[in-house]
Amino acid sequence: MNKIELLAPAGNLEKAKIAILYGADAVYIGGKQFSLRSRASNFSLEEMKELVDFANERGAHVHVTVNMLPHEEDLHGLDDYLLALDQIGVHAIIVCSPAIMMKAKELDCHYEVHISTQHSSTNSNAVAFWKEKGMDRVVLGRECQMDQIKAICKKDILPIEVFIHGGMCISFSGRCVLSNHMTLRDANRGGCAQSCRWKYHLMDRDHELSDPNNLFSMSSKDLQAVDQIEAFINMGVASLKIEGRMKSAYYLATVVSSYRTLIDRIYEKGYASQEDLAYAKREIAKAENRPTGPGFYQGLPGYKVQLYRDHDETVTQEYVAIVLDYDASSQIATLQVKNHFLPNQILEIFGPNIASTLVDVKEIYDENDIPLAVCKQPMQIVKTKWEGPIEKNAMIRKIRVVSKDGL
């Protein structure tokens, strides 16, 4: 049995490389054409080629989202684009439109064609249909529950991909038209305004039901499926997907490395201990900017899995620096500042090959060897004497106190 794939999102080349370095088996990205997430930086063909080469050197794969629902005017250049992706050597495309799926097959492209979650495939008959059409993998709708996923996998029709982390759609995935109706921004062509997360006055005719000082929204908690990973492995799920092409490199490093560690421990021991689960939850909590829940994986989600009022995203500032270089002979680390922090304090480092470790950071100097009283300029290059584990591309963060259950 093949080891389950950990699939991570990436909005630009830096994020994609970080995701792979921190343990993703594959990354999914969007191109400049035919892709949702129009606010993500997205990739030129040249950047895709660079990423494919980077991934191949590390045994990872690159999937490209070609997942918009095109209108007539959107189809110009489709053949050339699909053939260009094939020439670059991407490993798979993720598609919603049957026209694009069949076109990729007609062009005899070498990459796999994966059915997007936007198609709301939620049963084995749907999976069998896509197999008849020559497709290679199905990303199930996020509305599937655990027993349904197990039953689908048991049929062993096509490789199955499921979401394990990130944003949840308040509607059926890929079926919402709130954004279209309210802003004329087409959610299914990359322009979702996330109208469900806006704050509304909830009215019963002329009587307001909502608190005027704390308005109503329709947002779901983000998905976090740490407790379900062992079950997915045992079911024979092919790929575990993290959502979030708009997320930061720090967020991706934290979430990817946490799930990577958990998956590896399950394969090593045959199960996930309570300590393994608690560790993964503690680590992931250090990058969360919205409350999380189990989605549909513990049954139909009730009101506790929704965010009817307090749902604003908060940008964490625990991530303070990334390691650019390290001179082992002098023990001098070169860092790039990301957020405000002070010299002479205890910080935490984690990296592609470093578990979270506390380090006592001493004096810090700028590039001219002038001592700094504070590091507060993002992108500034600084140096410090470093005693402890360290490696290039490791990330340094402030210590965050979390609750005893790791949440």
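Along the sequence shown, the residues carry numbers beginning at 1. Here the structure is a predicted model, which means the values were calculated and not measured.
- In this structure, a donor-acceptor pair under 3.5 Å is absent between the side chains of K150 and Q148.
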Original post:
Where do E318 and K398 land on the salt bridge (Lys or Arg N to Asp or Glu O under 4.0 Å) test, with the steps shown first?
Top reply: CA-CA 5 Å; E318 284 104 14; K398 298 174 185 176; over 6 Å; no
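- With sequence neighbours left out, the side-chain hydrogen bond (donor to acceptor under 3.5 Å, both in side chains) criterion links D327 to S329.
- Checked against the 6.0 Å centroid threshold, H63 and H114 count as a close aromatic pair.
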**OP:** For the pair Y250 and M395, evaluate side chain to side chain contact (heavy atoms under 4.5 Å, CB included) and give the outcome as yes or no after the intermediate values.
**Re:** CA-CA 8 Å; Y250 168 68; M395 297 186 181; 3.8 Å; yes
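- Inspection of the K17 and N393 side chains reveals no N or O donor paired with an N or O acceptor under 3.5 Å.
- Residue pairs meeting the side chain to side chain donor-acceptor pair (under 3.5 Å) criterion with at least one partner in residues 255-266, sequence neighbours excluded, are K3-D264, D25-R260, H165-Y259, R260-D264, R265-D276.
- Residues satisfying the ring-ring contact (aromatic ring centres under 6.0 Å, His included) test with F163, not counting sequence neighbours, are none.
- Y22 and F350 have their aromatic ring centers within a separation under 6.0 angstrom.
- Pairs engaging residues 368-380 under the side chain to side chain donor-acceptor pair (under 3.5 Å) rule: none recorded [sequence neighbours left out].
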Mind listing the side-chain donor-acceptor pairs of residues 100-108 below 3.5 Å, one per line with the distance, residues two or more places apart or on another chain?
{"unit_1": "K105", "atom_1": "NZ", "unit_2": "G134", "atom_2": "O", "d": "3.0"}
{"unit_1": "K105", "atom_1": "NZ", "unit_2": "D136", "atom_2": "OD2", "d": "2.9"}

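- Y297 is linked by a ring-ring contact (aromatic ring centres under 6.0 Å, His included) to F232, counting only residues two or more places apart in sequence or in another chain.
- Between the side chains of E283 and S356, at least one donor N or O lies within less than 3.5 Å of an accepting N or O.
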